[in-house]
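Note sheet for the following structure.
So you know, we letter chains A, B, ... as the sequences are listed, proteins then strands, and number each from 1.
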2 protein chains.
Amino acid sequence: MPKKTIPHNRKTQRSSCPISCTLDILGDKWTLLIVRDMWMGYTRFKEFSAGPEGIPTNILSERLVRLVNSNITERVASADGSRHPAYQLTNKGKALIPTLESMIDWGLKWEDGASKKVAKR
Amino acid sequence: MPKKTIPHNRKTQRSSCPISCTLDILGDKWTLLIVRDMWMGYTRFKEFSAGPEGIPTNILSERLVRLVNSNITERVASADGSRHPAYQLTNKGKALIPTLESMIDWGLKWEDGASKKVAKR
DNA sequence: CCGGATCCGGTCTGATACTG
DNA sequence: CAGTATCAGACCGGATCCGG
């Protein structure tokens, strides 16, 4: 019995507060960065992995599963005929864009060192 | 080169993307919950600690230091004459409210199990 | 009692190597 | 290319302790 990775969320996630509830899914260093990348139009494992922050592949893999299970992203056949899978935001995922935008505003205004461009590559 | 624990932020935090930059500070399960609590008017260690999510005292303590160092909160003498310290949001901290609100909207719309009230106690 | 600090076991992260 | 496997070390979190 290999006892693989825990199915999905870290804790029992019985939080009733919507903020807490949201943070149960998004409250970590990487998840929203992946959402950001998909928002920017990236769709493939390789592209996420190549981001400037350098997410490790095992973490990326696990987060993608979690995002798909949470219905924030979906895994689809790649549009360009390549046989590799593509990931894209669902409506639920797209609904996170205002949150991302508010973080951009905050980062630009209050954190120096934040450049003007989002995810420039 | 021993290269011990990094002083405070988890990584080098040279991220130039404002989202990544923001997540370097807020990207964990607890930090935004503390900001939420302060937004709701709570000011004391004990109050944060008594929240429904049950943040451990050592984590709370560390996060408070981090928030103060990041200028998101400030530690002030308690208003009511008690000798215990009080914490409150700075302007930089208050600027996070739109982010919190967008998370509330998202949680309410997409995460069932999220009740209508924020941090009801 | 309150605001933390310390201790410590277990979990998770993240760098890297590996596989289909 | 898209992930899995591995594994040491970082971090979390529960309990306990302590000074005021």
Below the 4.0 Å mark, does [N] have OP1 or OP2 next to a side-chain nitrogen or oxygen of [X]?
| X | N | result |
| --- | --- | --- |
| A:Trp30 | C:dG14 | yes |
| B:Lys46 | C:dG3 | no |
| B:Arg63 | D:dG13 | no |
| A:Lys29 | C:dG14 | yes |
| B:Ser61 | C:dA5 | yes |

Taking B:Lys92 for its side chain and B:Ser70 for its backbone only, find out whether a donor-acceptor pair lies under 3.5 Å.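 Yes: the side chain of B:Lys92 pairs with the backbone of B:Ser70.
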I'd like to know if the side chain of A:Thr22 reaches the main chain of A:Pro18, judged simply by a donor and an acceptor atom lying under 3.5 Å from each other, with no hydrogens or angles considered.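 Looks like yes, one N/O pair under 3.5 Å.
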I want to verify a distance call: between [options], whose nearest atom is closest to the [X] side chain?
| X | options | answer |
| --- | --- | --- |
| B:Arg83 | C:dG4, D:dG3, D:dG20 | D:dG20 |
| A:Asn58 | D:dC1, D:dT6, C:dT6 | D:dT6 |
| B:Thr57 | C:dA5, C:dG3, C:dT6 | C:dA5 |
| A:Glu62 | D:dC1, C:dT13, C:dG3 | C:dT13 |
| A:Ile59 | C:dT13, D:dA2, D:dG13 | C:dT13 |
| B:Arg44 | D:dC12, C:dG3, D:dG14 | C:dG3 |

Interatomic distance, B:Leu60 CG vs C:dT6 P [rounded to whole Å]: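 Taking CG of B:Leu60 and P of C:dT6, I get 16 Å after rounding.
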Round to the nearest Å and state the distance from A:Tyr42 atom OH to D:dA2 atom P.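 For the pair A:Tyr42 OH and D:dA2 P, the rounded distance is 15 Å.
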Pair A:Asp24 + B:Lys29: basic N to acidic O under 4.0 Å: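 No, A:Asp24 and B:Lys29 are not salt-bridged.
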